[in-house]
Amino acid sequence: MTATEHAQELVTAAARAASDKLATKIVAFDVSEQLAITDAFLLASASNDRQVKAIVDAVEDKLREIGAKPIRREGERDGRWVLIDYGEIVVHVQHEEEREFYALERLWRDCPTISLPADVVAHER
């Protein structure tokens, strides 16, 4: 089983929104083989708490435009790691320090990555 086409569309839209707000280290994983509760994870980083919030807002706005509403959002108050659950996909926007400490890529390295379009730029710091 692989991530559904709809899940991949949501990942692409969310990745573009994150890129537009200068997110770093944007990567997507197909976790459908490992988890029954979701198809894909999108990870993105930011250099400060305000940028985390800006990225989260942009992702939510973009996905709302295409009819997706979050089921749950966690971590917004602290602005260090915000998780937005859309059912089919889960978006993680992390402050760079949390990203390095928790190393989600290492946890999900056995899962295939989802190719993101060329216009998604993972801005480097």
Side-chain angles (χ1 to χ4, degrees):
M1 177 180 250
T2 59
T4 66
E5 189 173 317
H6 186 251
Q8 292 181 31
E9 290 171 10
L10 294 175
V11 163
T12 298
R16 282 189 173 124
S19 176
D20 288 348
K21 292 298 179 184
L22 307 179
T24 58
K25 301 179 186 173
I26 301 170
V27 64
F29 291 99
D30 181 337
V31 295
S32 61
E33 292 287 325
Q34 305 294 327
L35 297 173
I37 58 173
T38 193
D39 283 352
F41 280 172
L42 178 72
L43 312 178
S45 297
S47 60
N48 60 62
D49 301 357
R50 291 180 80 185
Q51 188 183 16
V52 168
K53 181 168 178 19
I55 293 166
V56 167
D57 289 346
V59 167
E60 288 184 331
D61 290 346
K62 178 58 80 175
L63 294 186
R64 190 176 305 111
E65 286 176 16
I66 60 174
K69 294 180 182 174
I71 296 168
R72 180 178 61 204
R73 181 186 315 119
E74 296 180 14
E76 191 166 30
R77 185 178 321 149
D78 297 331
R80 303 288 294 179
W81 178 355
V82 179
L83 178 150
I84 317 164
D85 183 354
Y86 285 91
E88 288 181 80
I89 72 166
V90 175
V91 178
H92 298 266
V93 182
Q94 297 176 296
H95 191 285
E96 291 169 349
E97 293 169 0
E98 273 68 14
R99 181 82 178 259
E100 189 175 318
F101 182 80
Y102 290 101
L104 294 179
E105 290 93 337
R106 204 170 56 236
L107 290 174
W108 301 106
R109 69 176 170 241
D110 293 337
C111 296
T113 57
I114 296 173
S115 295
L116 299 173
D119 64 334
V120 171
V121 178
H123 303 275
E124 295 302 318
R125 281 193 31 90

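Just so we're clear, the structure is a prediction, and the values are computed from it rather than from any experiment. This chain uses plain numbering: 1 for the first residue, then up along the sequence.
- Residues P117 and R16 have side chains in contact (heavy-atom distance under 4.5 Å, counting atoms from C-beta outward).
- By the 6.0 Å contact criterion, CD on E100 is open, its count of non-hydrogen atoms from other residues, nucleotides or ligands being 12 or less.
- With respect to D57 and K53, a salt bridge is recorded, a charged nitrogen being found less than 4.0 Å from a carboxylate O.
- When all heavy atoms are compared, the tightest approach of C111 to Q34 is SG-CG, 3.3 Å.
- Taken to the nearest 0.5 Å, the CG atom of L63 stands 4.5 Å off from the OH atom of Y86.
- Within the model, atoms CG of L22 and CD1 of I55 stand 8.0 Å from one another, a figure rounded to the nearest 0.5 Å.
- Taking a cutoff of 4.0 Å between a charged side-chain nitrogen and a carboxylate oxygen, E105 and K25 do not qualify as a salt bridge.
- V56 has its side chain out of reach of V91: every pair of non-hydrogen atoms, C-beta onward, lies at least 4.5 Å apart.
- Note that CG of D39 and OG1 of T2 are 8.0 Å apart. Values are rounded to the nearest 0.5 Å.
- Across all non-hydrogen atoms, the minimal contact from A14 to V59 is O-CG2, 3.6 Å.
- Taking OG1 of T12 as the start and CD1 of I114 as the end, the distance is 8.0 Å to the nearest 0.5 Å.
- Within the 4.5 Å cutoff, the side chain of L42 has heavy atoms near those of the I26 side chain.
- One finds a salt bridge joining R73 and E60 here, because a Lys/Arg side-chain nitrogen approaches an Asp/Glu carboxylate oxygen to under 4.0 Å.
- For the pair T113 (side chain) and A28 (backbone), a donor-acceptor distance under 3.5 Å is absent.
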Can you check side chain to side chain donor-acceptor pair (under 3.5 Å) on T4 and E88, steps first, answer last? CA-CA 8 Å; T4 66; E88 288 181 80; 2.8 Å; yes

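- Annotation: the span from D78 atom CG to D49 atom CG amounts to 8.5 Å, rounded to 0.5 Å.
- The CG atom of N48 sits 9.5 Å away from the CZ atom of R80 when rounded to the nearest 0.5 Å.
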Any chance you could lay out the side-chain contact (heavy atoms from CB on, under 4.5 Å) test for R106 and R109, step after step, and finish with the verdict? CA-CA 5 Å; R106 204 170 56 236; R109 69 176 170 241; 2.8 Å; yes

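- In the hydrophobic clustering (ILVMFWY side chains linked at under 4.5 Å, chained through shared members), F101 is joined by V27, F29, V31, L35, I37, F41, L43, W81, L83, V90, Y102, L104, L107, W108.
- The two residues A13 and I66 come nearest to each other via the heavy atoms CB-CD1, 3.8 Å.
- Here the side chain of Q94 pairs no donor or acceptor atom with the backbone of A46 at under 3.5 angstrom.
- Put simply, the side chain of S19 never gets that close to the backbone of A15: no donor and acceptor are under 3.5 Å apart.
- With respect to R99 and E96, no salt bridge is recorded, no charged nitrogen being found less than 4.0 Å from a carboxylate O.
- Closest approach of G87 to D85, counting heavy atoms only: N-OD1, 2.7 Å.
- Residues A58 and A17 approach most closely at O-CB, 3.5 Å, considering heavy atoms.
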